[in-house]
Protein chains: 2
Amino acid sequence: MHKPAPNNSLKTACSTCNLRELCLPVNLSNIEMTRLDDLITRKGVYRHGSILYRSGDKFQALYAIRTGFFKTQILNEDGREQVTGFQMAGEIIGMDGINSDAHTCDAVALEDSEVCEIPFNRLEDLSRDLPPLQRHLHRILSREIVRDQNIMLLLGSMRAEERLAAFLLNLSQRFAVRGYSPTSFQLRMTRQEIGSYLGLKLETVSRALSHLQEGKLINVRNRSLEILCLSGLQASMGKRAR
Amino acid sequence: MHKPAPNNSLKTACSTCNLRELCLPVNLSNIEMTRLDDLITRKGVYRHGSILYRSGDKFQALYAIRTGFFKTQILNEDGREQVTGFQMAGEIIGMDGINSDAHTCDAVALEDSEVCEIPFNRLEDLSRDLPPLQRHLHRILSREIVRDQNIMLLLGSMRAEERLAAFLLNLSQRFAVRGYSPTSFQLRMTRQEIGSYLGLKLETVSRALSHLQEGKLINVRNRSLEILCLSGLQASMGKRAR
DNA sequence: TGTTAATTTTGACATAGATCAAGCCTTAAG
DNA sequence: CTTAAGGCTTGATCTATGTCAAAATTAACA
């Protein structure tokens, strides 16, 4: 495991960030936007494998991903591990920590990544002054709830291949929103990490990928993935309830 | 399915509610508490089986459960259903709707229940004035995220009997907090609903209950459940990872 | 109160996915 | 460039849980 590069505390400007529409799509005046800029600092680069925060760390800030890719995972007492999400540029992580003032999961960089730090106390202060910002914060929190509940649906009621199809379609859609190809991208995580996220063993993930490939729905070679038939993938979900 | 009783719009007083410490444990002055009271109205009784809100309904309010028991569930396109939670008195539901201004799950009363309606716009307004209330709202939202992620862990990595043990211990603890017996209580939901929540079939739930009973950890007869050995139940989780 | 419908339990059997194992491939390090 | 370590695939087998079915119990309702 690497250490993050030293914190240079570079000032960040949301106002000029090209992820603005994704990350904080709030209608603010110039002067209001400046106040937001003042809040947020760019933290140094997190190298592949390094840890943004750990379970148990004091909660102080949310983090907006500028570039790169993270996973979040929880570990219970007996060492069992569950990947709870994969996060990409423009997404905000750390909300698990608000409740108890301590993080309840680990956030690990899956490639070299940059994040913006948003001190939460100051975000609360500012959001009392700026109702659109307040509303946006609430939406982000709620979105996370909805997202998690959809994963519960996936884990509770889909079979292996459906879970994988849902996972790939979700990635596809998120790449598309960011202006990348929805049909051709690199997987940033191992089969084991995909398996943990989907409640499957890595062998099952591998077999399901192979099977989707046999069916001409995808092409997969190591980490590079090509979706050959989006609608076919969609159809391969929802075949039959478990 | 019954209709809810007509909305009498009774005024509620959080200030005198005996669930206050559970529901809104916020340190407010008397005058501030009055402003909170003004916000909240008691809705009529929801009979067993009736629906508090449905997926797709416009989101307007959060609901605090005064008495009774609810389940929340999502249904995907192909009719698959997943119970996402069971909620009891003092708990707040409806947060799924904030993100998109529409609810994304159904909330169904599992017994005759009363709720307090908290109009969300007005809650936002008031929480801009009252920082402790704002902080509490954020904690509630975050707590829901943490809760959901722990269910992901359960669904993704535990075997049937462990899931059931975790479920029973969770209920036990929540009853304890409310001053009820942690070792003897009624299940308010069917085996099928438990199964949906835990990602299991009802037969598996039934068998796992029988098996825990054979092991002298619980006594179960229909909906009445007695925990004979809390520590044994705890131990029966975390035996072996899947 | 009697009748029907829903819920629960239990058994027999089927199967999706886990486990174990081997070999290959890719990437990182020396 | 070589070697080692981690990651991936595929096959053979095992097992937890699903599926199907029947009977028993309980709850709902006329």
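Lettering of chains follows the sequences in order, A, B, ..., and the numbering in each one begins at 1.
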Revision key, fill the gap. All heavy atoms of B:Cys17 vs all of B:Arg66, minimum pair found to be SG-NH1, 4.3 Å
Atom [atom1] of [X] with >12 non-hydrogen neighbours under 6.0 angstrom:
X        : atom1 : answer
A:Phe175 : CZ    : yes
B:Arg54  : CZ    : no
A:Gln173 : CD    : no

Calculate the interatomic distance between [X] atom [atom1] and [N] atom [atom2]; express it in whole Å.
X        : N      : atom1 : atom2 : value
B:Leu110 : C:dT7  : CG    : P     : 12 Å
B:Leu200 : C:dT9  : CG    : C1'   : 16 Å
A:Leu198 : C:dA18 : CG    : P     : 11 Å
B:Gln213 : C:dT10 : CD    : P     : 8 Å
A:His211 : C:dA16 : NE2   : C1'   : 13 Å
A:Arg80  : C:dA18 : CZ    : P     : 14 Å
B:Arg47  : D:dA28 : CZ    : P     : 11 Å
A:Lys201 : C:dA18 : NZ    : C1'   : 8 Å

Review point. What do the steps show when you test A:Glu161 against A:Ser236 for side-chain hydrogen bond (donor to acceptor under 3.5 Å, both in side chains), and what is the final call?
Key: CA-CA 8 Å; A:Glu161 203 169 305; A:Ser236 81; 5.2 Å; no
**Study point:** Criterion side chain to side chain contact (heavy atoms under 4.5 Å, CB included) against B:Thr72, the qualifying member of B:Leu52, B:Thr84, B:Asp96
**Key:** B:Thr84
**Study point:** ring-ring contact (aromatic ring centres under 6.0 Å, His included) between A:Phe167 and A:Tyr197, worked out
**Key:** CA-CA 9 Å; A:Phe167 169 68; A:Tyr197 182 61; 5.8 Å; yes
Exercise for review: Please determine if B:Arg147 and B:Glu91 form a salt bridge, counting it only when a charged side-chain N lies under 4.0 Å from a carboxylate O.
Suggested key: no
Revision key, fill the gap. Per-helix bend value, the helix from C:dT1-D:dA30 to C:dG30-D:dC1, C1' rotation axes over five pairs per end, 10° rounding, shows 60°
**Study point:** Side-chain heavy-atom pair A:Met189, A:Val83 within 4.5 angstrom cut-off
**Key:** no
Exercise for review: Take nucleotides 4-12 of chain D nucleotide by nucleotide from the 5' end and write B, S or -, depending on whether a protein heavy atom sits under 4.0 Å from the base, only from the sugar-phosphate, or from neither.
Suggested key: ---SSBBBB
